[in-house]
Amino acid sequence: MVMRPEPWGEALDAPHGVRGRHGEVPHLLVPAPGGVPFTQAMAQELATQPWLAFACGRYEGIDERVIEHAETVMPVTVVSLGDYVLNGGEVAVLAIVEAIARLVPGVIGNADSLVEESHEDGLLEYPMFTKPPLWRGYGIPDVLLSGHHGQIARWRRDERLRRTALRRPDMIAAAGPIRPGRSGPRGAR
Ligand SMILES: C[S@@+](CC[C@H](N)C(=O)[O-])C[C@H]1O[C@@H](n2cnc3c(N)ncnc32)[C@H](O)[C@@H]1O
C-alpha cells in the first residue's frame, strides 16, 4: 500500500503549511530507508537553516511523484536513519530533530560540550568517567586523576583512536592517512 499523491500535494501546497508569509519555503526532509544516510555533518548543516519540514511516510512509503513535485518548489532531501526498516517515519524524524536541535546555538547550555563528541571530527568519543573514583571495584584510569592536562589530552586522543578502530573501522578507513602536523585522522587532538 503506497500513500497517494493527492493529500500529500495538498498538504505541501497549503499556504500556512509549508509556505511562509513572504513565500519562503522550508527544506523538506523525507525519511526513507532508501535515502542518503543521516550524519552529524548533515545535522550541522541543517541546524543553520531557518526552516525545516518533514514528510513522514507509512506503509510502503509515499508516491514518488510527490517528491519529484516538491523538488520543483523547495529543497528536498530523502534521508535514512540507518540500514533497517521502521514502520513509519515519525521515529526517524524524532531522532533527526533531536540531533539537529541540540546544535542550534543556545539549546545546549555549554557549547563546549558539543566540540569533542563522537562524529564531530570523524572519530568516536573517548570513554567517560565521573565520581566516585572507585565503584564496585572498578577504578578510573590513573592518568585522569593526575591533573596533568597534556597527558589527559594524549590519553583521550589514544582512546578515541582505539575505540573508533575497534567499533567503527569504517570510520578509520574513511579518515584516510594522518596528515603531516596533525595528531590523528582529520587533525584529531
Ligand atoms: C515500511 S517503511 C517503507 C519502506 C519502503 N517500502 C522501502 O523498502 O524503502 C515506511 C516508512 O517508514 C519510514 N522509514 C522506515 N525505515 C526508515 C529508515 N531507515 N530511515 C528513515 N525512515 C524510515 C519512512 O518514512 C517510510 O516511508
Side-chain angles (χ1 to χ4, degrees), residues 1-20 23-108 111 113-128 160 163-176 185-186:
M1 196 155 63
V2 177
M3 298 183 94
R4 292 175 61 115
E6 299 94 330
W8 273 108
E10 285 176 32
L12 295 174
D13 286 346
H16 303 297
V18 288
R19 293 290 193 292
E24 320 87 279
V25 289
H27 187 141
L28 183 68
L29 295 175
V30 183
V36 296
F38 181 67
T39 62
Q40 186 70 10
M42 195 186 294
Q44 282 160 347
E45 208 280 308
L46 292 169
T48 66
Q49 303 208 5
W51 189 6
L52 302 174
F54 301 88
C56 299
R58 280 261 154 184
Y59 314 110
E60 286 301 325
I62 303 170
D63 187 305
E64 191 66 25
R65 292 168 293 178
V66 173
I67 288 130
E68 285 171 18
H69 180 262
E71 281 171 343
T72 67
V73 180
M74 62 190 89
V76 178
T77 306
V78 182
V79 62
S80 169
L81 203 60
D83 293 342
Y84 41 80
V85 179
L86 303 166
N87 244 354
E90 299 84 356
V91 168
V93 165
L94 281 177
I96 290 167
V97 166
E98 183 144 322
I100 295 169
R102 65 195 297 279
L103 299 175
V104 173
V107 171
I108 298 251
S113 60
L114 298 173
V115 173
E116 284 194 345
E117 284 189 312
S118 297
H119 304 291
E120 277 299 319
D121 62 358
L123 292 177
L124 302 180
E125 195 175 51
Y126 45 82
M128 293 283 167
R160 298 186 74 203
R163 175 168 278 188
T164 308
L166 187 69
R167 294 183 182 170
R168 293 291 304 273
D170 57 307
M171 288 171 64
I172 296 285
R186 293 192 205 152

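Atoms within each ligand, like the ligands themselves, are counted from 1 in listed order.
- Side-chain contact check for Glu64 versus Val78: every heavy-atom pair is 4.5 Å or farther apart.
- Listed by number with element, the atoms of ligand 1 under 4.0 Å from a non-hydrogen atom of Val79 are 21 (C).
- Within ligand 1, the atoms closer than 4.0 Å to a non-hydrogen atom of Glu60 are 3 (C), 5 (C), 6 (N), numbered from 1 in the order shown.
- Set against the non-hydrogen atoms of Tyr59, the atoms of ligand 1 under 4.0 Å away are 1 (C), 2 (S), 3 (C), 10 (C).
- The residues Arg163 and Glu125 are annotated as not salt-bridged, no charged nitrogen and carboxylate oxygen being separated by less than 4.0 angstrom.
- Every atom of ligand 1 with a heavy atom of Leu81 under 4.0 Å away is listed here by number and element: 18 (C), 19 (N), 20 (N), 21 (C).
- Scanning the protein for heavy atoms near atom 19 (N) of ligand 1, the closest one is Tyr84 O, 2.8 Å.
- Distance alone, capped at 3.5 Å, is enough to place a donor-acceptor pair between the Thr164 side chain and the Leu124 backbone.
- Contacts with ligand 1 closer than 4.0 Å are made by no heavy atom of Ile62, backbone or side chain.
- For a threshold of 3.5 Å applied to N or O pairs, the pair formed by Leu86 and ligand 1 contains at least one separation below that value.
- The two residues Gln40 and Glu120 come nearest to each other via the heavy atoms NE2-OE2, 2.7 Å.
- Taking every heavy atom of Asn87 and a limit of under 4.0 angstrom, the matching atoms of ligand 1 come to 10 (C), 11 (C), 12 (O).
- Polar contact check, Gly57 against ligand 1: a nitrogen or oxygen pair lies under 3.5 Å apart.
- What sits closest to atom 8 (O) of ligand 1 on the protein, heavy atoms only, is Pro33 CG, 4.5 Å.
- Listed by atom number, the atoms of ligand 1 under 4.0 Å from Gly82 heavy atoms are 19 (N).
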I'd like to know whether His27 forms a side chain to side chain donor-acceptor pair (under 3.5 Å) with Thr77, so could you lay out the CA-CA distance, the side-chain angles of the two residues, the decisive distance to 0.1 Å, and finally the verdict. CA-CA 8 Å; His27 187 141; Thr77 306; 2.7 Å; yes

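- Between Pro31 and ligand 1, at least one N/O pair is under 3.5 Å apart.
- Residue-ligand proximity: Val93 is placed with every non-hydrogen atom at 4.0 Å or more from ligand 1.
- Residues Asp63 and Pro5 share a closest heavy-atom pair of OD2-CD, 3.6 Å.
- Closest approach of Ala92 to Leu81, counting heavy atoms only: CA-CD2, 3.6 Å.
- Ligand 1 has a nitrogen or oxygen under 3.5 angstrom from a nitrogen or oxygen of Ala32.
- In terms of heavy-atom proximity, Met3 sits nearest to Tyr59 at CG-CD1, 3.9 Å.
- Taking every heavy atom of Ala92 and a limit of under 4.0 angstrom, the matching atoms of ligand 1 come to 21 (C), 22 (N).
- When all heavy atoms of Phe54 and Ile96 are compared, the closest pair comes out as CE2-CG2, 4.0 Å.
- Taking every non-hydrogen atom of Val85 and a distance limit under 4.0 Å, the qualifying atoms of ligand 1 come out as 1 (C), 2 (S), 16 (N).
- Residues Val93 and Cys56 come closest through the heavy atom pair CG2-SG, 3.5 Å.
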